[in-house]
Amino acid sequence: MLMQKITFEDYKNAVRAKFEIEKEGVYFNFLTPPSQANLRNLCWERFKSNSNADDLSTFSSFFEFDFNPEKRNHFREQTDKFRPIGSFLRGAKDPANQFAVELAAVLVDFQPRPFKKYREMGIVKVGNPVTAPKIPLAFATLENDEGKEEKNENEKVEEEDKFEGSLIAQKRFNFIQNFKPKISDNFKKKVKFIILGVFIVFGLGFIISRYAFPKKQCMQWSNDHYEKVDCDLSANGLIPFTIEPFDEIKFELKKVTVCDTTTCFKNGKPIIWYAKTGDAADFFNTHGIHPENEKALRPVTQYIFNKYKKPCSSK
């Protein structure tokens, strides 16, 4: 059985085979299609937390500067350098720079890499595909350079149009995917501000109406004292009693019962007021107007006390 050593061509075929697997995986957004911008972004994702010495050496050899996670803007300027890598992965053209293949291996996470480690696996049978450890490889038959050069111009144009169309579709997809969270976040913020604004407006309205324009209060006489009532009761005709605006001083007026033991004077001055009602007299705790007959209340005298007092009830 004829045997042969692993060649760089085998390595390139294996990397392309891994690309066919990865473009259906978690990084399909970067690899479908493998445009320059998509590969640039995937490269950043691969290297931003990559400490593998071989990978970092591949990076510096290809770009001619070391990877620096703090210089992303400088890295963005290297977009055009990914053109040969995209052509290589699509099988359109092999890159002249060997390190472009090595970088492609990093992007599709091909193992083992670089080519030196891949070659150290040993030798393979002629005609059989090379199988990398734990990675199924399906080698695609590549056209030789003469066949590629003989492609007619129409096929090339059609191929480029398809690629451009898929590139535009991918850009639209990436734009929508990136724009959705922004719309969602902005919408949530606007809703929060609207809700907060509504609460503030209603809160201020309540405070202003409560303190700057307090609700009008009324009162009515109820047998022997005043009670606070709703002013609307009078307008609606719901009660037969007279409703009047609330008066803090007048509200303290109360009718009292005067008997033999009632104290009507203090330091020689009356502390009880009265108004006659027919053959009797009504007594109150302060001066004012009689709520029932609107007579002015007068300070009680000893004569009025003796004449209209009632016997104290015994318990």
Side-chain angles (χ1 to χ4, degrees), residues 8 11-12 14-117 156-157 159-189:
F8 193 67
Y11 183 62
K12 290 191 291 184
V15 172
R16 285 198 186 98
K18 186 60 162 56
F19 162 70
E20 294 298 327
I21 296 173
E22 287 299 309
K23 72 179 184 180
E24 303 297 333
V26 292
Y27 289 104
F28 78 96
N29 281 345
F30 296 101
L31 298 173
T32 310
S35 65
Q36 295 168 232
N38 284 346
L39 292 177
R40 177 202 64 197
N41 295 338
L42 177 58
C43 184
W44 183 265
E45 293 296 319
R46 293 294 196 193
F47 278 94
K48 68 180 182 181
S49 59
N50 192 339
S51 59
N52 183 280
D54 290 329
D55 290 350
L56 294 174
S57 176
T58 296
F59 184 96
S60 60
S61 297
F62 180 77
F63 290 103
E64 297 181 349
F65 60 84
D66 292 336
F67 178 78
N68 189 339
E70 297 180 357
K71 295 184 178 181
R72 187 164 188 175
N73 289 336
H74 175 60
F75 179 74
R76 289 177 184 274
E77 297 173 359
Q78 313 303 316
T79 303
D80 193 56
K81 288 191 176 183
F82 289 92
R83 183 187 299 275
I85 297 178
S87 298
F88 164 69
L89 292 176
R90 294 194 305 274
K93 184 179 180 181
D94 287 351
N97 187 345
Q98 174 182 338
F99 292 109
V101 177
E102 297 290 10
L103 186 62
V106 177
L107 297 183
V108 300
D109 196 24
F110 175 78
Q111 297 291 350
R113 65 175 185 265
F115 171 64
K116 180 180 179 182
K117 290 184 177 181
K156 289 184 179 180
V157 172
E159 190 173 305
E160 291 177 357
D161 289 342
K162 288 181 179 179
F163 172 67
E164 290 299 327
S166 61
L167 180 60
I168 294 172
Q170 179 63 26
K171 288 182 177 179
R172 289 177 179 173
F173 177 81
N174 291 341
F175 174 78
I176 293 173
Q177 291 299 106
N178 294 330
F179 193 59
K180 280 182 178 179
K182 294 179 181 178
I183 293 177
S184 178
D185 292 341
N186 291 337
F187 180 73
K188 290 179 181 178
K189 289 180 181 178

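Hydrogens, waters and symmetry mates are skipped; everything else that's a heavy atom, side chains included, is used. Small disclaimer: the values here were computed from a predicted structure and weren't measured.
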Please step through side-chain contact (heavy atoms from CB on, under 4.5 Å) for the pair Leu39 and Leu89, ending with a clear verdict. CA-CA 11 Å; Leu39 292 177; Leu89 292 176; 4.2 Å; yes

For the pair Phe82 and Phe62, name the ring-plane relationship: parallel under 30°, tilted 30 to 60°, perpendicular over 60°.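 Phe82 and Phe62: tilted rings.
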
For the [atom1] atom of [X] and the [atom2] atom of [Y], what is their distance to the nearest 0.5 Å?
| X | Y | atom1 | atom2 | result |
| --- | --- | --- | --- | --- |
| Leu42 | Asp109 | CG | CG | 9.5 Å |
| Arg40 | Arg76 | CZ | CZ | 5.5 Å |
| Phe75 | Glu70 | CZ | CD | 15.5 Å |
| Arg16 | Lys18 | CZ | NZ | 15.5 Å |
| Glu45 | Leu107 | CD | CG | 11.5 Å |
| Leu103 | Ile85 | CG | CD1 | 4.0 Å |

On a heavy-atom basis, which atom in [X] and which in [Y] lie closest, and how many Å separate them?
| X | Y | answer |
| --- | --- | --- |
| Ser60 | Asp66 | CB-OD1, 3.2 Å |
| Glu22 | Val108 | CG-O, 3.2 Å |
| Asn38 | Pro33 | ND2-O, 3.1 Å |
| Ala37 | Thr79 | N-CG2, 4.0 Å |

For Phe65 and Lys71, run side-chain contact (heavy atoms from CB on, under 4.5 Å): C-alpha distance rounded to whole Å, both residues' side-chain angles, the deciding distance at 0.1 Å, then the answer. CA-CA 11 Å; Phe65 60 84; Lys71 295 184 178 181; over 6 Å; no

Cation over ring face, Arg46 and Phe30, 6.0 Å, 45°: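 Checked: cation-pi criterion not met.
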
Measuring centre to centre across the rings, with the benzene-like ring taken for any Trp, is Phe19 within less than 6.0 Å of Phe88?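 No.
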
Heavy-atom donor-acceptor pair, Glu102 side chain to Phe115 backbone, under 3.5 Å: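 Pair found, side chain donor or acceptor close to backbone of Phe115.
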
Can you tell me if Lys93 uses its side chain to pair, donor with acceptor, with the backbone of Ser87 under 3.5 Å?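 No; judged by distance alone, with no hydrogens or angles, the pair does not exist.
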
Does Arg113 reach the side chain of Tyr11, with side-chain heavy atoms less than 4.5 Å apart?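 In short, these two side chains touch, coming nearer than 4.5 Å.
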
So, applying ring-ring contact (aromatic ring centres under 6.0 Å, His included) with Trp44, which one of Phe63, Phe67, Phe59 is it?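 Exactly one option meets the ring-ring contact (aromatic ring centres under 6.0 Å, His included) with Trp44, and it is Phe67.
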
Basic-acidic side-chain contact under 4.0 Å: Asp54, Lys116: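 Here Asp54 does not pair with Lys116 in a salt bridge, since their nearest N and O are not under 4.0 Å apart.
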
